[in-house]
Amino acid sequence: MKSLSLVHAAIGAFITSALMSLAQPALAQAKPGIERMYVLYCGDIALNDASSFTPGASGPGHLTATCYLIKHARGWVLFDTGLGDHIINMPNGQKSQAGMWTLKKTLESQLAELGLKPSDINYVALSHSHGDHVGNLNLFSQSTLVVQKPEYEWKPPVGVSPFKPGMKAITPEGDHDLFGDGSVVLIATYGHSPGHQNLLVRLPKTGALMLTGDSVHTKANWDSGRVPQRNFNVPQSLAALERMRVVLKEANAVLWIGHEPSEVPLRRYVPAYYD
Ligand SMILES: [Zn+2]
């Protein structure tokens, strides 16, 4: 009897370890479907007064605009759509609230360089609904929008919401893992606008990156922990900065500030990519 129970115990242990060894590689093999990310130039923003976005700065300023395109096994994801492509036909640029918008290269031409049409883009995730981020949204009527609910439902006091009711939309309230594999995760960073979101991307070789939208406009703001007074909700914006510091640490991610001009020379743009 004794030897039989020993045999049973041995069989039990064998089965347990066999099950564990099955389970562990299965987890390790649950590879995310993300393949690569492209950086797209999405315009230039001249500011009459740099301090309108960077508290403490003086004199005129300049911001860049950046969009990102992600290739995932389950579809193409565009994060932000930049200044409108029509601006390329305006030699002096388009006047904005705080200065002037100009464009050297259209978003559509950059997609074309990759052999893509706007209708090939499956998801358009937007950091928020301001003009320098939704300028080309009209090109993507066939895509699925990914916008935080408070942003989607917001009625701006001036102008109209850029979101057309006919467009398919995913409207999470809070963080949202788009494909459920941790590779493309929207991070709620409300405050600059009612439902602002960042994008956390986990690339196979490059590692984790956090793309900012306007949760932080410049490196100076990030370093000083300050936000523009013109933001929709200043205390909420400051809380978003704190949240970002926590997520960056947890995800071991690097921060990429899309409006920061000094980051432009550090990036590889379309057709180059990050994998
Ligand atoms: Zn912006």
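First listed ligand is number 1; within each ligand, the first listed atom is number 1.
- With no hydrogens or angles considered, a side-chain donor-acceptor pair links His259 and Asp214 at under 3.5 Å.
- Among the backbone and side-chain atoms of His130, no N/O/S atom is found under 2.8 Å from the Zn ion (ligand 1).
- Judged by the 6.0 Å and 45° rule, Arg36 forms a cation-pi pair with Tyr273.
- There is no path of hydrophobic side-chain contacts, each under 4.5 Å, that joins Tyr274 to Tyr38.
- The side-chain tip of Lys71 points at the ring of Trp76 from less than 6.0 angstrom away and within 45° of straight on.
- Among the atoms of His133, an N, O or S atom falls under 2.8 Å from the Zn ion (ligand 1).
- With respect to the Zn ion (ligand 1), Asp132 has OD2 as its nearest N, O or S atom.
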